[in-house]
Trainee: 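Quick one: structure below, then a few questions.
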Number of protein chains: 2
Amino acid sequence: MNISTRGRYGLRALADMTIHAVNGPVALRVIAERQNLSESYLEQVFSSLRKAGIVRSVRGAQGGYELNRPANEISVGEILRALEGPITPVYCVDDSSPGSECEMEKTCLTRPFWEELRNVVNRFLDETTLQDVIDKAPRESNKEPMFYI
Amino acid sequence: MNISTRGRYGLRALADMTIHAVNGPVALRVIAERQNLSESYLEQVFSSLRKAGIVRSVRGAQGGYELNRPANEISVGEILRALEGPITPVYCVDDSSPGSECEMEKTCLTRPFWEELRNVVNRFLDETTLQDVIDKAPRESNKEPMFYI
DNA sequence: AAGTAATCCTATATATTTGGTATGATTTTA
DNA sequence: TAAAATCATACCAAATATATAGGATTACTT
């Protein structure tokens with residue numbers, strides 16, 4: 001039951017970017033340094049976020065990334081799904097990708113339970129926004145450089 | 001955000017065992033056959049369940065496993081934790097194993113969020129019992145052999 | 001125009017985890 | 001004594017995660 005580094009780094013980097021955005025885009029180099037993450041790895045992460053419409057990029061010198069929408073209109077579910085794929089405790093209750101249905105769907109003893117767990121998790125993730133994440137973050141983290149989770 | 005086969009097979013095997021228990025222990029060979037699982041792999045799974053006090057074993061011919069407590073007194077959280085280790089979306093909010101604390105605990109931007117997610121998941125898992133899982137299972141599954149999730 | 005700073009893209013490498021199999025020992029019943 | 005079961009541990013192959021590397025492209029600055 002684990003979120004990989006893509007999701008962890010991605011969410012943390014987004015929170016960092018949002019907090020430190022003054023005006024104009026923020027370069028990955030800056031985020032990577034502040035959060036002690038690999039810039040190259042963040043590139044891959046932000047590529048996914050851009051393709052999902054969560055951030056937009058500005059290329060060239062003085063470029064970088066910025067949120068594509070206000071932080072309170074971006075759910076954590078959306079972010080994690082962009083980075084991790086469908087969030088589901090077991091693949092067989094992933095209703096997002098047709099063809100992934102378990103063949104014993106109708107008779108499986110545990111399927112109804114897993115569906116419920118999936119719903120509990122996704123409901124929470126979809127109700128929580130990037131802004132909520134930031135609001136819950138400790139104060140000091142807005143001032144000093146962070147290190148890795 | 002995935003539960004591995006240990007947790008999936010384990011929960012399904014337990015549900016199967018509970019449903020089909022008449023009196024006396026059920027052999028893994030029978031469960032494995034009915035649920036189309038590897039008996040050898042189930043041995044490892046049930047070894048963990050036994051050490052966690054969820055099932056008890058009867059050795060020798062005509063032996064097998066049976067629940068160590070009524071199904072409505074065994075939570076899914078207990079089962080999954082025995083098979084998967086601590087259920088936590090990110091390792092750094094695993095409060096069960098001391099020493100695993102993230103060093104940036106106090107200042108991490110995302111830690112409070114991950115803690116909340118961990119709590120949402122574990123609350124649900126601890127509130128749901130093996131009996132609940134069975135009660136939600138489709139009727140037919142009590143009669144016919146199942147196949148794998 | 002040149003240099004630089006940034007994103008973008010894709011291939012590759014390495015380490016870890018997962019999902020088992022295999023082997024044999026031990027225990028108990030028939 | 002034979003058979004049926006748990007118990008314990010070692011091992012292995014494949015998949016996945018976690019990056020690193022190298023270059024191409026774009027745009028700003030001087």
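Because the structure is predicted, anything quoted here is derived from the model rather than measured.
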Trainee: So what does B/Ser40 hit on the nucleic acid, given a heavy-atom distance under 4.0 Å: a base, only sugar-phosphate, or nothing?
Mentor: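 The residue B/Ser40 makes base contact.
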
Trainee: Rounding to an integer number of Å, can you tell me how far B/Arg56 CZ sits from D/dC7 P?
Mentor: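 Those two atoms, CZ and P, are 13 Å apart.
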
Trainee: List in numerical order all residues of residues 58-71 of chain B for which some heavy atom is under 4.0 Å away from an atom belonging to DNA chain C.
Mentor: B/Arg59, B/Gly60, B/Ala61, B/Gln62

Trainee: Please list, by residue number, the residues of residues 42-55 of chain A whose heavy atoms come closer than 4.0 Å to an atom of DNA chain C; answer none if no residue qualifies.
Mentor: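 A/Glu43, A/Arg50 - these, ordered by number, are the residues of the stretch whose heavy atoms sit under 4.0 Å from the strand.
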
Trainee: Under the salt bridge (Lys or Arg N to Asp or Glu O under 4.0 Å) rule, collect the residues that match up with B/Arg29, sequence neighbours excluded.
Mentor: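 Testing B/Arg29 for salt bridge (Lys or Arg N to Asp or Glu O under 4.0 Å), a comparison that skips the adjacent residues, returns none.
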
Trainee: Quick one: list whatever passes side chain to side chain donor-acceptor pair (under 3.5 Å) with B/Arg50, sequence neighbours left out.
Mentor: none

Trainee: My understanding is that only residues two or more places apart in sequence, or in another chain, count here; which of them pass salt bridge (Lys or Arg N to Asp or Glu O under 4.0 Å) with B/Asp126?
Mentor: B/Arg81

Trainee: Is there a path of hydrophobic side-chain contacts, each under 4.5 Å between heavy atoms of I, L, V, M, F, W or Y residues, that connects A/Leu130 with A/Ile19?
Mentor: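 In one cluster: yes.
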
Trainee: By side-chain contact (heavy atoms from CB on, under 4.5 Å), which residues pair with B/Glu127, not counting sequence neighbours?
Mentor: B/Arg123

Trainee: Walk along DNA chain C from 5' to 3' and tell me the first and last nucleotide with an atom closer than 4.0 Å to a non-hydrogen atom of chain A.
Mentor: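 With heavy atoms of chain A under 4.0 Å away, the range is C/dA5 to C/dC9.
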
Trainee: Go through the structure and list residues passing salt bridge (Lys or Arg N to Asp or Glu O under 4.0 Å) with B/Glu84, not counting sequence neighbours.
Mentor: none

Trainee: Tell me whether the side-chain N/O atoms of A/Ser38 come closer than 4.0 Å to OP1 or OP2 in D/dT18.
Mentor: no

Trainee: The criterion is side-chain contact (heavy atoms from CB on, under 4.5 Å); which residues satisfy it with A/Ala52, sequence neighbours excluded?
Mentor: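 In terms of side-chain contact (heavy atoms from CB on, under 4.5 Å), with neighbours along the sequence ignored, A/Ala52 is linked to A/Ile54, A/Ala82.
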
Trainee: Atom CD of A/Glu39 to atom C1' of D/dA21: distance rounded to whole Å?
Mentor: 13 Å

Trainee: Whole angstroms only, please: what is the OH-P distance between A/Tyr41 and D/dA21?
Mentor: 15 Å

Trainee: Taking only residues two or more places apart in sequence, or in another chain, which ones meet A/Ser48 in a side-chain contact (heavy atoms from CB on, under 4.5 Å)?
Mentor: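 Checked A/Ser48 against side-chain contact (heavy atoms from CB on, under 4.5 Å); matches are A/Arg6, A/Leu83.
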
Trainee: Using atom CG of A/Leu37 as one end and atom P of D/dA19 as the other, report the distance to the nearest whole Å.
Mentor: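 In whole Å, D/dA19 P lies 9 Å from A/Leu37 CG.
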
Trainee: Quick test of your reading of the model: are B/Asp95 and B/Arg118 salt-bridged, counting only N-O distances below 4.0 Å?
Mentor: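 B/Arg118 and B/Asp95: salt-bridged.
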
Trainee: With sequence neighbours excluded, what pairs up with B/Arg56 under the salt bridge (Lys or Arg N to Asp or Glu O under 4.0 Å) test?
Mentor: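 Scan of B/Arg56 (salt bridge (Lys or Arg N to Asp or Glu O under 4.0 Å), adjacent residues dropped) gives B/Glu66.
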
Trainee: List for me each residue that meets side-chain contact (heavy atoms from CB on, under 4.5 Å) alongside A/Ala27, sequence neighbours excluded, and say none if there are none.
Mentor: A/Val30

